[in-house]
Enquirer: 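Just dropping this structure here.
Owing to the predicted nature of the structure, the values given are computational and were not obtained by experimental measurement. Positions are given from 1 along the sequence.
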Amino acid sequence: MGLPAMKCFWKAIFLLALASIAIHYTAIQSFTAKSSLLCTIPNPLTERVLDTPLAERACDEIPVVSNVSRKTHILILATTRSGSSFVGQIFNQHFDIFYLFEPLYHVQNALIYRETQAKGSIDHQNKRMVLSNHERHMMLGAGRDLLRSLYECDLHFLENYIKPKPMNHTTNRLFRRGASKALCSPSVCESLEPDDTPPEEVDCIKKCGTLNLTLAVESCKDHEHVAIKTVRVPEVSDLRPLVEDPRLNLKIIQLVRDPRGILASRSETFQDTYKLWRIWRATGRKPYNLDTNQLLTICKDYLNSVSTGLNRPSWLKGKYLLLRYEDMARNPIKKTEEIYNFLGISMDSSIVRWIENNTRADTTFDKHKYGTIRNSEATAKNWRQKLSFDIVEFIQNTCQEVLVQLGYKLVNSDQDLRNLSFSLVEEKTFSPFF
Ligand SMILES: *[C@@H]1O[C@H](CO)[C@@H](O)[C@H](O)[C@H]1NC(C)=O
Ligand SMILES: *[C@@H]1O[C@H](CO)[C@@H](O)[C@H](O)[C@H]1NC(C)=O
Ligand SMILES: *[C@@H]1O[C@H](CO)[C@@H](O)[C@H](O)[C@H]1NC(C)=O
Ligand SMILES: *[C@@H]1O[C@H](CO)[C@@H](O)[C@H](O)[C@H]1NC(C)=O
Ligand SMILES: *[C@@H]1O[C@H](CO)[C@@H](O)[C@H](O)[C@H]1NC(C)=O
């Protein structure tokens, strides 16, 4: 087999894996034909799946839409280390929003689990949490199905992906359960009395024990809105089937951050994956085998997605808001108000209190690496002390187009890079369009 044929072969294997998961759960769901994997806008990567008779049947069976959701569903479309935990909190703190932190983690995990099991490898999972571009796209169909189910509060759907598989609809393996206030509050947290305040994220599992997903479903239904944060969807057009579904009333907040800041933050957080970047920083010499794929992916995804959003296609009318992390960090309350205006949801006072309490310099600085408790503005800028000018220049060359598009200024000298009174964030408003 030549290289292209080889690629095709692996693509087919992956699609089969996805399709069999899809069929598996479609059966569980008594074939409700809500599968967006099988019934989606044409995508060159999934066309093969679409061609099958099963897919045709699934598409035919989609019921005529006669009802429009009164709930607003919110998706925070982000990348890792772009401030998404912080932005997620402005929804998590709202008493009427059910917030989930990265449920698509489980889809990715399940695929890798299958793949490594198929190869008979015992060392599965964490070693391969970084997917290729290609695999990310493969994951999308299943990811969209999961999102749709979760917006409908069908958290049981997630059970198909959690490893080990939940027993009696309970699990203690839900990824970052503690990041979801609703999942740590009475009555989902069975050890709490109705008036108790929920524990901090880090104490949630210890305090609340096993998660009963049936209780989580009930809690979700008791909330007016559902918000989900994900870093596993490359670009906004990947969500088009969900955006166009009037039953969902989905609104997307695309959170972007200066790629130079993302890279600095990831190098600290994911020390293995970004090791060569750190070696470059430490030695002043660019390693010959530096892997620039992650950086290229950030910039390509941003460019595609933001271009789509800013072009104002009719399918995104009233449904897309572009948010720069730096603006949020500089003026969190004002930005939060803008976000809630866009969503048409009223803000509750606990959000302002939370922001005031969590963005000041004098509170516990950098409490833990995924935390949000820190001086938000200083954090947004601190990459300028952490990267060498060489690295910054390299990123600027690689990502120039998107930096300009998003209003991030390029620096021409080490002096400008370190001079924090010289802002690298142009004033720019990205108004939503209605
Ligand atoms: C829409 O669905 C809700 C809940 O399923 C139902 O109560 C309502 O009557 C429906 N509205 C229309 C116009 O069908
Ligand atoms: C699931 O429920 C059944 C029946 O109540 C019980 O026998 C079994 O031990 C439970 N399994 C687990 C893992 O809790
Ligand atoms: C989970 O909660 C539901 C609803 O209260 C209850 O019926 C079920 O027995 C609980 N499951 C377990 C395993 O405790
Ligand atoms: C503010 O933060 C402190 C320390 O983390 C915490 O004890 C307090 O409950 C918080 N107050 C509000 C209103 O969130
Ligand atoms: C830092 O930037 C400010 C604002 O652009 C400028 O006025 C100042 O001269 C700069 N300082 C240095 C040391 O370059």
Enquirer: Return the set of residues passing side chain to side chain donor-acceptor pair (under 3.5 Å) with Glu337 (not counting sequence neighbours), or none when no residue passes.
Expert: none
Enquirer: Taking only Lys NZ, Arg NE, NH1 and NH2, and the carboxylate oxygens of Asp or Glu, determine whether Asp327 and Arg330 approach each other closer than 4.0 Å.
Expert: yes
Enquirer: Determine, using ring centers only, whether Phe91 and Tyr340 are less than 6.0 Å apart.
Expert: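 Yes, they do, as the ring centres are separated by less than 6.0 Å.
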Enquirer: So, Arg247 and Glu152, do they make that salt bridge, N to O below 4.0 Å?
Expert: no
Enquirer: Salt bridge check, Lys71 against Glu224: does any charged N sit closer than 4.0 Å to a carboxylate O?
Expert: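 So Glu224 does not pair with Lys71 through a salt bridge.
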Enquirer: I need the Arg324 CZ to Leu322 CG distance, nearest 0.5 Å.
Expert: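 Between Arg324 CZ and Leu322 CG, I get 8.5 Å after rounding to 0.5 Å.
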Enquirer: In terms of the angle between their ring planes, are Phe270 and Tyr274 parallel, tilted or perpendicular, with boundaries placed at 30° and 60°?
Expert: tilted
Enquirer: Between the side chains of Ser413 and Gln415, is a donor N or O closer than 3.5 angstrom to an acceptor N or O?
Expert: no
Enquirer: Taking the six-membered ring of Phe342 (Phe, Tyr or Trp), confirm whether the NZ or CZ of Lys251 is under 6.0 Å from its centre and within 45° of its axis.
Expert: yes
Enquirer: Which residues satisfy the ring-ring contact (aromatic ring centres under 6.0 Å, His included) test with Tyr408, sequence neighbours excluded?
Expert: none
Enquirer: Would you say Gln254 and Ser305 are linked by a side-chain donor-acceptor pair, where the criterion is simply a distance under 3.5 Å?
Expert: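 Checked: Ser305/Gln254 side chains pair up, N/O donor to acceptor below 3.5 Å.
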Enquirer: With a 6.0 Å cut-off on the ring centroids, do Phe98 and His223 count as close?
Expert: yes
Enquirer: Got a salt bridge between Glu268 and Lys386, using NZ or NE/NH1/NH2 to carboxylate O under 4.0 Å?
Expert: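 Answer for the salt bridge query: yes.
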Enquirer: Can a salt bridge be assigned to the pair Asp145 and Arg148 using a cut-off of 4.0 Å between side-chain N and carboxylate O?
Expert: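 No, this pair does not count.
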Enquirer: Can a donor-acceptor pair be found between the side chains of Ser350 and Asp348 at a distance below 3.5 Å?
Expert: yes
Enquirer: Among side-chain atoms of Ser82 and Arg257, is any donor-acceptor pair under 3.5 angstrom?
Expert: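 No - no donor-acceptor pair under 3.5 Å links their side chains.
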Enquirer: Hey, does the side chain of Asn358 reach the backbone of Trp354 with a donor-acceptor pair shorter than 3.5 angstrom?
Expert: yes
Enquirer: Tell me yes or no: between the side chains of Gln93 and Gln89, is some donor less than 3.5 Å from an acceptor?
Expert: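 Yes, because at least one side-chain N or O of Gln93 sits under 3.5 Å from a partner of the opposite role on Gln89.
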Enquirer: Return yes if a side-chain donor-acceptor contact under 3.5 Å exists between Gln294 and Thr273, otherwise no.
Expert: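 Judged by distance alone, the side chains do not pair up.
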